[in-house]
Each structure stands twice: as structure tokens, then as C-alpha cells.
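Here you go, one structure.
Throughout, a chain's letter reflects where its sequence line sits, starting with A, and its residues are numbered from 1.
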Amino acid sequence: MNERTGGRAGGRPRGAGSAADGAVVAGAGGDAVSGRVGARRVLAYGPHALLVEVDDADGAAALASWLRAQGPPAEDVVPAAATVLVDGLADAAAHAAVRDAVARWHPRAGVTDGPLVVLEVDYDGEDLADVAALWGCSVQEAVARHTALELTAAFCGFAPGFSYLVGLPAALAVPRLATPRTRVPAGSVALADRWCGVYPTASPGGWRLIGRTDAVLWDPDRLDPGPALLAPGTRVRFVAR
Amino acid sequence: MRVTGAVTAPAAGGPAGHVEVLDPGPLTLVQDRGRPGHAHLGVPRAGALDPAAAALAGRLVGNGPDDAVLEVLLGGLVLRWGPVGAWVAVTGAPVTVWVDGRASSTGRAEWVPAGATLRLGPPPVGLRSWVAVAGGIAVDPVLGSRSRDTLAGVGPAPLAPGDVLPLGPRQAPPAPVVVPPGPAYDGALGVSAGPRADWLGRAGWERLLATPWRVGGGSDRVGLRLEGEPLARAREGELASEGVVLGAVQLPPDGRPVVFLADHPTTGGYPVVAVVVAEHVARCAQLRPGDPVRLVAR
């Protein structure tokens, strides 16, 4: 059994000793009780949030997009690598509405193509030669492989407008740097594991740099397409210049 | 405590003024109710660390719930009023409030005449105070909020000497407000189990609750770092990044929990083993390095 419980059920304080070890506890109130909804595991996350587990980042992006379209009674819907956080649920009715919506969702439902953004890249990153070596090919071939991909922005994190892009084949996964750089310039196009990302602002970073773009990834005053150029669901292609 | 002010209050709808920053003290930030709704873009919520205290300051001067205030760390703020006087109220850590040479206290509205100087003394206890000026601090909002987010740098920069802060138009004269005495803080933060409580196991959960924690020196608006005997994880492995809520208690590999506050990152890869109840998250705003903390199951 995978059900867990946390927080208060039915409005009464509950000793949390049993909550931490995976014990099954039936909750009458249902406002903060974890359990399976359909095939998804829904975890209680304090009194105002739920965490829905899905298979992968694609599933998280799709569920988050679908939940948003349902107009959930929530402040934030946050996809990540294999979960969707639904935060800002005011009461038990809001929790129930989100659980109902999750139960109605199927991974293949409502998957629509997001807008396509094409980024022009100077492939002169400091780690490009290392990446080519890890891929067992020439630098020229590495650029060709990267520009052949169509990636999808799965979720944002780390910094405003920093999108985790999925779609890199497993064979092209690369390890993070053993020692992160203290400063990575804005616009750097980088790889880590099976993720690709573009640094919206200068920051520390441990991903491998393959190039850079002049595109403005983050602009809080931008109305179209919004502050984040690569918001979750956006499709991304890279072209060499 | 019953607060009466406004005996000589000017009518609402008077001209908007400004204040000049002579000294921001150790750190003064503009804050309001924050910018929820942007977490999926990687933007923290921000907002006053103690929303109720900030809102009370606003109510004392007749402001609305969305008007911005100043969040002052350890007092020291000095402001000079422009050509228009305005009411001011300070809540939170109990600083002495000086209007020119006259001392007053927190929790009440004070009239600051044109050209006068407001100064906050150092708090004998606690850390942060909230300063509301009638009309609100009317700097330009970013993504719908005037809050400064210290993690990602969104919103108005920390106050610096020479800054001129515009004030919004007065909405209403100060009204008497009954200020309920806050409960005496006994060092306890109520927690419920987090989504990854299984990373602690039953024994680890009991130790989380039994350990006498102390506030670590690296604590800030991002998180309250707890120091004490490190907790061991009940399982190995890595957790993929997932969304994080206000009050989440994250367990990094070093075994010392971090309570996420208003400027927390929107996603994190360490297991969240507990969640501090919302009304107790605000208490963290006043905890100093070295202060004792107990986590109590709710």
C-alpha cells in the first residue's frame, strides 16, 4: 500500500508519528490525506497544497497545462521533473476539486503543441569540445546533433525564466561539471544529464556550456509571449549562426 | 490595546507625497502581499515575512490590503518626509519610533509633518519591523507586486541612502484599530508531515520533533536554517526536483533542516519531510541566530 497521510484530517490534530513511515491511515475529512487518485499518487503537502506524482517531466508539463485549463481553485500549478505541485488551496472543497480533476486526466489527454521558439546560437561554449568527446563525435557533428533536436520546456526553476528542456536522447546525456562555475553568462546554452537549458541571467552554474544566444529569456515587463520566453509547454529549436 | 489617532487627521484624498531615505539601516525592503501565481516561471512569491503584522501597520494608517510597506531588519531606518505630511505606523519587532526628537512606540499611528524625520531604534527582541505610510509605498510594481524577492532579485532594489519613495494617494483617514496582543512565543513551530516524510522514517520523524534546534546564522528571507544534531535519512538516492511550498521543511544531505520562507526557490531537489503551519511561518520573521526552535506535530 502506498497511501500516506499528513497534516490534519477532518479538522482534528493528528499525531504525526504514523505519518512518517508509510502507514495507511484512513482520513475522514479528506482535505489533507494522501492516496491514489486513479493511477496517480497524490501526496498531502501541508494544509494548502497537493503534490501529484507522474511518470516524467513530459507528463508533469502535460498535467500542469491540463489542470490550468480546468481553472483549478489554486494560486500556483508548478510542474517539475516528475511531479505537479498544486499550491494555494483554500479549503477541503478546493482539495477535492483538484483530486477530481487529477482523476479525470489521462497522460495523453489534452497534449497540445505549444508555441515554437527558434533560438539562434553561437556554438562556441567552453565545454563544447568536451561534450563532443562525451558524445564520441566531432564538434561539427555535435552542433548538428543539437540543432536537429526539437526540445520542449517542461518546467522552470533555479531562476526566473530558467526552463528545463526535455527531448535529449538518453545516448546524449552528459554529467554535470564536478565543480560548478561561479559565474555563467546570460544566454549560455547548456546541457546536464538529459536536460538542456539557457541561463536567463548571469549566475553560478554547473551545466556544460555549448553556446550562447542573444535572446532575452526573462523580461518581467514583457506581455507577449510573457516574462519567460520558454514557459512550460514551449517547443524549442536551436539554429547555428 | 486600543489605538486612537487621527484627531487632527487631514481629509482623505489629499495630495500624494514622498519620503527620502537618509539611512536604510542594515536592510530595508519594500514588501506587500507578494506575487503568487508565477512559481511555474521560477519566480518566488516574496511578500512580507509576517503578513498579519504588515497588514496591521497598513490598517493603522488607513491603507488597503495591497498597499506596500517597508520591512526593516534590526531597525536603523531613517526617512525624511517631503513637502506633504503623512501618518505612519510601525509593527513587528518593538522598536522605538522617533518622529524628529519625540519617541513613540510600535502599534499606533503617528502623524509625521512635512519635512520631519522618522527614525527607528534597534529592537531589543525580534528582528523585523514593518513601516506603513498612509497611501502606501508607491514604487512601480513588477509582475503585479512591489515586493522585493531577495533570491531571484525581482522587484524594487533594497533601499539605499538618497532613494526617494513616492507615496500613493491617501485612501482613508486612520481609524482606531484594536491591536490584539500576540501570543507569547514559546519557540514552538507546528508541523505536519511533508510529502517526503518517508525519507526520514518513523525514527527520524521522532528525532525531528525531539531535537532542540537552534536558528543558524545563515538564516534569511529564503529560509530559516536549523542547527542541531544532524538527522540521518532513512533511504538513499536522489529525488528529482519538485515544487516547494512556503513553510516546507527541507532536509539537505548535511541533515540540518531548512524551513523555507517567503523568498524560497520554487523547486528543490531535497526531500521535504515536514511543513510548518502557515500561522507559525510568520513567527520565523522574528527569530534570531541562536534562538531555540522546537518542531511540534500538529
Side-chain angles (χ1 to χ4, degrees), chain A residues 4-8 13-23 32 34 42-51 53 56-57 60 64 68 74-88 155-164 200-201 218 220-221 226-228 230-232, chain B residues 35-45 140-144 149 151-155 190-206 208-209 234 239-249 265-269 272-278 281 295-298:
Chain A
R4 288 186 298 180
T5 183
R8 289 180 293 172
R14 177 189 297 282
S18 63
D21 60 1
S34 298
V42 180
L43 304 177
Y45 200 151
H48 301 299
L50 292 170
L51 189 68
E53 291 187 333
D56 52 24
R68 280 182 183 282
E75 285 183 333
D76 277 296
V77 178
V78 189
T83 56
V84 176
L85 170 69
V86 186
D87 192 10
F155 65 96
C156 291
F158 174 66
F162 184 96
S163 293
Y164 289 76
T201 48
W218 173 251
D221 296 325
L230 307 181
Chain B
R35 50 179 71 79
H38 298 89
H40 66 295
L41 303 180
V43 180
R45 149 192 319 252
D140 290 337
V142 177
L143 294 174
D149 153 55
L151 181 75
V154 179
V191 295
S192 57
R196 305 299 173 189
D198 56 331
W199 285 62
L200 269 182
R202 179 190 291 272
W205 176 263
E206 300 294 345
L208 177 73
L209 301 181
L239 187 69
S241 285
E242 56 192 27
V244 179
V245 305
L246 182 68
V249 181
T266 55
T267 60
V272 171
V273 295
V275 181
V276 175
V277 299
V281 173
L295 301 179
V296 178
R298 284 278 292 252

For this session: Please report the closest heavy-atom contact between B/Thr267 and A/Phe158, naming both atoms and the distance.
Result: OG1-N, 4.2 Å
For this session: Determine, stepwise, if the pair A/Asp76 / B/Arg35 fulfils salt bridge (charged side-chain N to carboxylate O under 4.0 Å, His left out).
Result: CA-CA 10 Å; A/Asp76 277 296; B/Arg35 50 179 71 79; over 6 Å; no
Exercise. What closest approach, in Å, do B/Val142 and A/Pro220 show between heavy atoms, and which atom pair accounts for it?
Worked result: CG1-CB, 3.6 Å
Problem set entry | Contact origin within B/Val245 toward chain A - heavy atom pairs under 4.5 Å | both
For this session: Pick whichever of B/Gly268, B/Ala274, B/Ser241 has the most heavy-atom pairs under 4.5 Å with chain A.
Result: B/Ser241
Seminar exercise, completed: Bottom line for B/Pro265: the part with an atom under 4.5 Å from chain A's heavy atoms is neither
For this session: Test B/Arg45 against A/Glu75 for side-chain contact (heavy atoms from CB on, under 4.5 Å), laying out the working first.
Result: CA-CA 10 Å; B/Arg45 149 192 319 252; A/Glu75 285 183 333; 3.4 Å; yes
Exercise. To the nearest 0.5 Å, how far apart are CG in A/Asp87 and CG in B/Leu246?
Worked result: 8.0 Å
Exercise. Step by step, would you call B/Val275 with A/His48 a side-chain contact (heavy atoms from CB on, under 4.5 Å)?
Worked result: CA-CA 10 Å; B/Val275 181; A/His48 301 299; over 6 Å; no
Seminar exercise, completed: Looking only at A/Ala80, A/Pro160, A/Ala74, most heavy-atom pairs under 4.5 Å shared with chain B are made by A/Pro160
Problem set entry | Toward chain A, the part of B/Val272 with a non-hydrogen atom under 4.5 Å | side chain
Exercise. Contact part of A/Pro227 toward chain B, heavy-atom cut-off under 4.5 Å: side chain, backbone, both or neither?
Worked result: side chain
Problem set entry | Atom pair OG1/CZ of B/Thr266 and A/Phe162 - distance to nearest 0.5 Å | 11.5 Å
For this session: Give the minimum heavy-atom separation between B/Pro195 and A/Leu51, together with the two atoms involved.
Result: CB-CD2, 3.9 Å
For this session: Name the member of B/Ala152, B/Ala39, B/Ala240 that forms the most heavy-atom pairs with chain A at distances under 4.5 Å.
Result: B/Ala39
Seminar exercise, completed: Applying a strict 4.5 Å limit to non-hydrogen atoms, the region of B/Val273 in contact with chain A is neither
Problem set entry | Gap between atom CZ of A/Phe155 and atom CD of B/Glu242 - 0.5 Å precision | 10.5 Å
Problem set entry | Nearest heavy-atom neighbours spanning B/Leu41 and A/Ala231 | CD2-CB, 4.0 Å
Seminar exercise, completed: Note: B/His40 and A/Cys156 closest approach over all heavy atoms is O-CB, 3.1 Å
